[in-house]
Amino acid sequence: MIAGDIVKLNSYVKMFKSYLVGGGVDAKSTVLTEEEKTKYATEGYNVKMDLSLAGETEHYVMYYKELATVAGDGYDKDAAINEEDDEVEVSTSLVGIIVHGTETFNLTGLRTVDKKGTEVEVELEFKILKDTTNYVTVEQEFEDTEREFEYSITKDGKEISKTEVEFENEKGDVKMEVALFDGTKVSEIKYKLDYTKKDGKELLSVTYTNSKISGTFTIDITGDIYTYSYDNNFTETEPLV
């Protein structure tokens with residue numbers, strides 16, 4: 001494994017374990033307090049969401065409202081409601097703010113729900129803006145047995161980092177892929193994690209690759225202390241983060 005990556009990877013392992021019990025990306029809708037309702041009454045923000053991005057320790061609080069999608073909103077999407085062949089697509093624009101510590105940033109986005117028969121696909125895209133050249137872009141997609149999550153950081157107009165995460169649970173065969181970038185294709189590293197449960201132990205078999213090296217190792221995620229075991233018989237532990 002790449003030296004120094006264990007703490008960052010461990011946060012994604014925690015995310016994986018959360019996914020096993022129905023979690024994943026830590027985003028939770030909560031009720032606005034009476035004080036918050038009064039504070040944001042003029043703007044009309046009536047939705048509050050607590051958000052923690054995987055791989056990061058920062059905590060964010062989103063306040064926003066949803067509006068019917070209209071032409072010229074900047075997104076390459078179809079009409080707000082589209083019915084064809086028993087398929088219904090509903091899109092709403094998100095407008096609001098996101099609070100991080102003592103800082104407040106503008107928030108714009110789009111939520112799309114696509115229903116076809118019993119299949120439902122949900123996409124959420126939003127941008128956290130400091131200004132036009134400094135922002136974070138987040139995308140999430142949920143569909144049956146798959147979940148995808150992507151976020152990137154742009155500084156002074158240049159994308160400096162990007163993370164892509166994909167979960168798949170096909171009849172109990174649970175897999176996760178993580179791709180990390182720091183602004184250049186050469187720096188890309190990918191992890192593939194396969195989950196097994198045997199004799200009371202929960203194990204992840206991990207394969208990693210980048211432009212220079214590749215390898216495998218296992219992680220015991222049975223308890224609250226994760227144990228990483230490598231091919232050279234070296235082991236190390238990392239607590240939940």
Side-chain angles (χ1 to χ4, degrees), residues 15 18-19 23-33 36-37 39-82 87-116 119-144 146-167 179 181:
M15 183 181 178
S18 175
Y19 173 70
V25 178
D26 191 4
K28 300 177 182 177
S29 294
T30 57
V31 179
L32 275 74
T33 65
E36 289 170 333
K37 290 178 182 178
K39 184 177 181 180
Y40 299 118
T42 302
E43 293 85 355
Y45 303 152
N46 56 4
V47 182
K48 176 182 178 181
M49 181 176 290
D50 292 320
L51 176 69
S52 297
L53 300 180
E56 307 292 339
T57 58
E58 284 83 359
H59 175 73
Y60 303 83
V61 182
M62 299 165 54
Y63 301 93
Y64 63 92
K65 58 185 176 182
E66 294 190 51
L67 305 172
T69 303
V70 295
D73 64 0
Y75 290 95
D76 183 19
K77 292 289 182 182
D78 296 328
I81 300 179
N82 177 32
E87 183 174 1
V88 179
E89 181 182 282
V90 179
S91 297
T92 53
S93 296
L94 311 181
V95 179
I97 59 172
I98 188 161
V99 179
H100 176 216
T102 59
E103 296 183 285
T104 299
F105 305 95
N106 290 326
L107 170 72
T108 61
L110 186 77
R111 185 168 70 92
T112 303
V113 179
D114 191 351
K115 298 181 180 179
K116 188 173 183 178
E119 297 180 359
V120 180
E121 179 180 337
V122 180
E123 294 183 26
L124 177 64
E125 312 167 23
F126 60 88
K127 184 179 290 186
I128 305 165
L129 294 143
K130 182 176 182 181
D131 52 50
T132 56
T133 59
N134 296 276
Y135 52 86
V136 175
T137 302
V138 180
E139 298 181 19
Q140 296 182 59
E141 182 176 335
F142 304 88
E143 181 180 8
D144 297 330
E146 295 184 13
R147 296 188 183 188
E148 296 181 9
F149 171 71
E150 176 183 309
Y151 73 91
S152 61
I153 299 173
T154 298
K155 183 176 182 181
D156 297 329
K158 181 181 179 181
E159 186 178 88
I160 61 171
S161 69
K162 185 177 183 179
T163 301
E164 298 175 353
V165 182
E166 181 178 345
F167 297 99
F181 309 79

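For Lys39, the side chain to side chain contact (heavy atoms under 4.5 Å, CB included) test picks out no residue, with sequence neighbours left out. Under the rule for a side chain to side chain donor-acceptor pair (under 3.5 Å), the partners of Glu36 that lie at least two apart in sequence or sit in another chain are Thr33, Lys48, Tyr63. Residues that satisfy the side chain to side chain contact (heavy atoms under 4.5 Å, CB included) test with Val120, not counting sequence neighbours, are Val113, Lys115, Val122. Not counting sequence neighbours, the partners of Asn134 by the side chain to side chain donor-acceptor pair (under 3.5 Å) test are Asp131. Residues meeting the salt bridge (Lys or Arg N to Asp or Glu O under 4.0 Å) test with Lys130, sequence neighbours left out: none. Under the side chain to side chain donor-acceptor pair (under 3.5 Å) criterion, Glu148 pairs with no residue at all, not counting sequence neighbours.
Two residues are said to be in side-chain contact when any heavy atoms from C-beta on lie closer than 4.5 Å; Asn46 and Tyr40 fail this criterion. Contact annotation: the side chain of Thr30 never approaches that of Val61 to less than 4.5 Å [non-hydrogen atoms, C-beta and beyond]. Within the 4.5 Å cutoff, no side-chain heavy atoms of Val136 are placed close to those of Phe105.
Distance check: Ile128 CD1 to Leu107 CG gives 6.5 Å after rounding to the nearest 0.5 Å. Here the CG-CD distance, from Asp114 to Glu89, works out to 5.0 Å after rounding to the nearest 0.5 Å. To the nearest 0.5 Å, the span separating CD on Glu121 from CD on Glu141 amounts to 4.5 Å. Atom OG1 of Thr108 is separated from atom CD of Glu125 by 10.0 Å, given to the nearest 0.5 angstrom. The line from CG of Leu67 to CG of Leu110 is 11.0 Å long, rounded to the nearest 0.5 Å. Distance check: Met62 CE to Asp50 CG gives 10.0 Å after rounding to the nearest 0.5 Å.
The minimum heavy-atom distance between Lys37 and Leu32, with the atom names listed, is CE-O, 3.6 Å. Looking at every heavy atom in both residues, Val95 comes nearest to Tyr45 through O-CE2, 3.6 Å. Across every non-hydrogen atom of Tyr135 and Thr132, the tightest pair is CE2-O, 3.4 Å.
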CA sep, side-chain torsions, deciding dist, call: Glu139, Glu123, side chain to side chain contact (heavy atoms under 4.5 Å, CB included): CA-CA 7 Å; Glu139 298 181 19; Glu123 294 183 26; over 6 Å; no
Derivation and outcome, side chain to side chain contact (heavy atoms under 4.5 Å, CB included), residues Phe126 and Arg111: CA-CA 8 Å; Phe126 60 88; Arg111 185 168 70 92; over 6 Å; no
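At distances below 3.5 Å, at least one donor-acceptor pair connects side-chain atoms of Lys65 with backbone N or O atoms of Glu43.
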